[in-house]
Novice: 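I am attaching a structure below and will ask some questions about it afterwards.
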Amino acid sequence: MKLKTSMRVPFVDLQAQHRSLQSQLQAAFNEILESAHFIGGSKVREFEEAFAEFVGASYCIGVSSGTSALELSLKALGLGSGDDVIVPANSFFATAEAVSNVGARPIFADVDAHTFHIDVASCERVITPHTRAIIPVHLFGWALDMAPIEHFAAKHNLFIVEDAAQAHGIGRDGKRVGSSGRLTCFSFYPGKNLGALGDAGAITTGDACLADLLRELRDHGSPSKYQHRVVGTNARLDSLQAAALSIKLSHLNDWNEARHRHAQAYTTALKDSGVLSPTVPSAGEHNFHLFVVRSEKRDELREHLSKLGIETGIHYPTPLHLTEAYQSLGAPVKGTLPQAETLAEEILSLPMFPELTSEQIDYTAEAIHEFHGIRDQHRASMSCA
Ligand SMILES: Cc1ncc(COP(=O)(O)O)c(C=O)c1O
């Protein structure tokens with residue numbers, strides 16, 4: 001018995017999201033076109049205020065990307081040449097790249113195989129006398145348990161800069177990621193749970209002085225036109241992106257809840273399917289930006305799914321320390337961060353987006369059962385050709 005191959009399951013479906021918002025988006029674009037106010041102005045201020053309120057932060061500084069959010073945050077803290085910053089080995093490249101781009105050195109720590117989050121015990125092993133900060137990543141949309149990281153940072157007198165690029169709208173103990181008062185960096189890359197229509201990002205903080213400095217740093221170090229108090233850069237959030245983000249922000253909670261329901265449905269459908277499903281914590285704690293399973297035959301499974309029209313991703317195929325860029329900069333060699341290295345070989349991100357249908361989830365799960373040659377009750381309920 002073979003699965004139907006007529007169904008297509010995209011990894012994300014931004015067109016579906018934008019279809020329902022098209023008239024609102026177009027009205028906002030027309031307004032900006034009329035005003036010709038493309039940089040800064042009310043659209044950016046409105047989004048910054050709305051996002052600060054949404055996460056529960058005192059200040060939000062809109063910037064041009066998640067990468068610039070990280071870079072400007074490190075710069076605002078005065079980090080640079082001669083400083084080391086601990087980052088998890090399983091993250092998007094930008095987490096480490098931002099450290100390098102301010103002239104500091106990323107120190108790679110291993111991750112926990114269950115949560116995929118940075119492992120504090122590994123941080124204790126890799127810390128150097130020059131370490132001044134740590135960048136924990138709320139990876140895949142699961143809010144980190146910050147207590148052990150805070151303890152580690154306090155013990156070693158380190159700054160914490162949170163990488164919340166994937167962590168929109170989640171938190172722990174009633175506190176949303178972004179509300180800690182620390183510098184917290186968000187990405188609004190289009191595929192994120194809150195995505196712009198191009199590149200965009202933001203930093204939230206509770207520190208008025210850092211907020212002022214970050215506003216200057218994103219705009220050529222300029223408190224007002226043609227005054228340059230410090231050397232900054234051009235990393236501004238533009239009005240079109242801010243307007244789109246404000247429209248989308250009002251849907252974020254619903255979208256996150258839908259993703260969480262899909263994660264629960266996947267977990268049920270993938271029972272005894274031969275892959276290891278991720279833990280599904282409460283809806284407020286995990287936004288399932290990515291639904292990542294583990295399989296020892298990951299590459300063959302991926303190919304099987306691809307043949308059946310199911311798109312998947314790998315986040316991330318190479319641990320940061322083993323990337324060509326960092327190997328050439330003398331990062332630790334293969335074998336030094338075993339959990340991150342094993343995960344990189346086994347993890348597979350299944351299709352996940354709010355508009356995913358139960359048919360698409362069942363079809364994907366059934367294809368995984370089929371790959372492992374497993375027939376179960378779930379299969380019996382599927383419509384197979
Ligand atoms: C964990 C993480 N950090 C940083 C970034 C960088 O964000 P951006 O692509 O907006 O520069 C991303 C984006 O993919 C990310 O997933």
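Atoms within a ligand are numbered from 1 in the order they appear, just like the ligands themselves.
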Novice: Can a side-chain donor-acceptor contact be found between D163 and T95 if the only test is distance below 3.5 angstrom?
Specialist: yes
Novice: Short list, please: which atoms of ligand 1 are under 4.0 Å from a heavy atom of A94?
Specialist: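 Matching atoms, with element in brackets: 4 (C), 5 (C), 6 (C).
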Novice: Does the side chain of C123 come within less than 4.5 Å of I118's, by heavy atoms?
Specialist: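 With C-beta onward as the side chain, the pair touches.
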Novice: When you measure from the heavy atoms of T95 to every atom of ligand 1, does any distance fall below 4.0 Å?
Specialist: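 The answer is yes, since T95 has a heavy atom less than 4.0 Å from ligand 1.
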Novice: Using only heavy-atom distances, determine whether the side chains of E162 and H138 contain a donor-acceptor pair under 3.5 Å.
Specialist: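 Yes, a side-chain donor-acceptor pair sits under 3.5 Å.
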Novice: Could you grab the distance from atom OG1 of T115 to atom NE2 of H286, nearest 0.5 Å is fine?
Specialist: 9.5 Å
Novice: Measuring from the heavy atoms of G201, does anything fall under 4.0 Å of ligand 1?
Specialist: no
Novice: Using the side chain to side chain donor-acceptor pair (under 3.5 Å) definition, which of the options H37, Q241, E31 pairs with K43?
Specialist: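 Exactly one candidate clears the test, E31.
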Novice: Are any of the N/O atoms in D163 less than 3.5 Å from those in ligand 1?
Specialist: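 Yes, there is a polar N/O contact under 3.5 Å.
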Novice: Hey, what do you get for CG (L348) to CD1 (I368), rounding to the nearest 0.5 Å?
Specialist: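 So the gap between those two atoms works out to 7.0 Å.
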Novice: Determine whether P278 and V293 make a side-chain contact, defined as any pair of heavy atoms from C-beta on separated by less than 4.5 Å.
Specialist: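 The answer is yes, as the side chains (C-beta and beyond) meet within the 4.5 Å cut-off.
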Novice: Tell me whether Y316 reaches ligand 1 (any heavy atom closer than 4.0 angstrom to a ligand atom).
Specialist: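 The answer is yes, since Y316 has a heavy atom less than 4.0 Å from ligand 1.
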Novice: Counting from 1, what ligand 1 atoms have a heavy atom of S91 closer than 4.0 Å?
Specialist: 1 (C)
Novice: Taking both backbone and side-chain atoms of D199, is any N or O found less than 3.5 Å from an N or O belonging to ligand 1?
Specialist: no
Novice: Looking at F353, I'd like to know if the NZ or CZ of R259 sits under 6.0 Å from its six-membered ring centre while staying within 45 degrees of the ring's axis.
Specialist: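 No - R259 does not lie over the ring of F353 by the 6.0 Å and 45° rule.
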Novice: Closest non-hydrogen protein atom to atom 14 (O) of ligand 1, residue and atom name please, with distance?
Specialist: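 Of the protein heavy atoms, K192 NZ, 2.7 Å lies nearest.
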Novice: For atom 9 (O) of ligand 1, state which one of S65, A196, S187, P190 supplies the nearest heavy atom.
Specialist: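 Ranked by closest heavy atom to atom 9 (O) of ligand 1, first place is S187.
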Novice: Judging by distance only, is a nitrogen or oxygen of L70 under 3.5 angstrom from one on ligand 1?
Specialist: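 N/O-N/O distance under 3.5 Å: no.
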Novice: If we ignore angles and hydrogens, is there a donor and acceptor under 3.5 Å between the side chains of S224 and Q227?
Specialist: yes
Novice: Side chain or backbone of L139 under 4.0 Å from ligand 1, or both, or neither, by non-hydrogen atoms?
Specialist: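 L139 to ligand 1: no contact under 4.0 Å from either part.
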Novice: Is there a polar contact between ligand 1 and Y189, counting only N or O atoms under 3.5 Å apart?
Specialist: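 Min N/O separation from ligand 1 is not below 3.5 Å for Y189.
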Novice: What part of F140 sits under 4.0 Å from ligand 1 if we count only heavy atoms: the side chain, the backbone, both or neither?
Specialist: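 Answer for F140: neither.
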Novice: Quick one: do the E216 and H228 side chains pair a donor with an acceptor below 3.5 Å?
Specialist: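 Their side chains do not contain a donor-acceptor pair, so the 3.5 Å distance test is not met.
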Novice: Could you identify the single nearest non-hydrogen protein atom to atom 11 (O) of ligand 1 and state the distance to 0.1 Å?
Specialist: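 The closest heavy atom on the protein side is T67 OG1, 2.5 Å.
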Novice: Which residue and atom name correspond to the protein heavy atom nearest atom 16 (O) of ligand 1, and how close is it?
Specialist: Q166 NE2, 2.9 Å
Novice: What atoms in ligand 1 come closer than 4.0 Å to a heavy atom of V137?
Specialist: 1 (C)
Novice: Can you report which non-hydrogen protein atom sits closest to atom 2 (C) of ligand 1, along with the distance?
Specialist: A165 CB, 3.3 Å
Novice: Distance only, no hydrogens: is a donor on one side chain within 3.5 Å (strictly under) of an acceptor on the other, for E124 and H156?
Specialist: yes
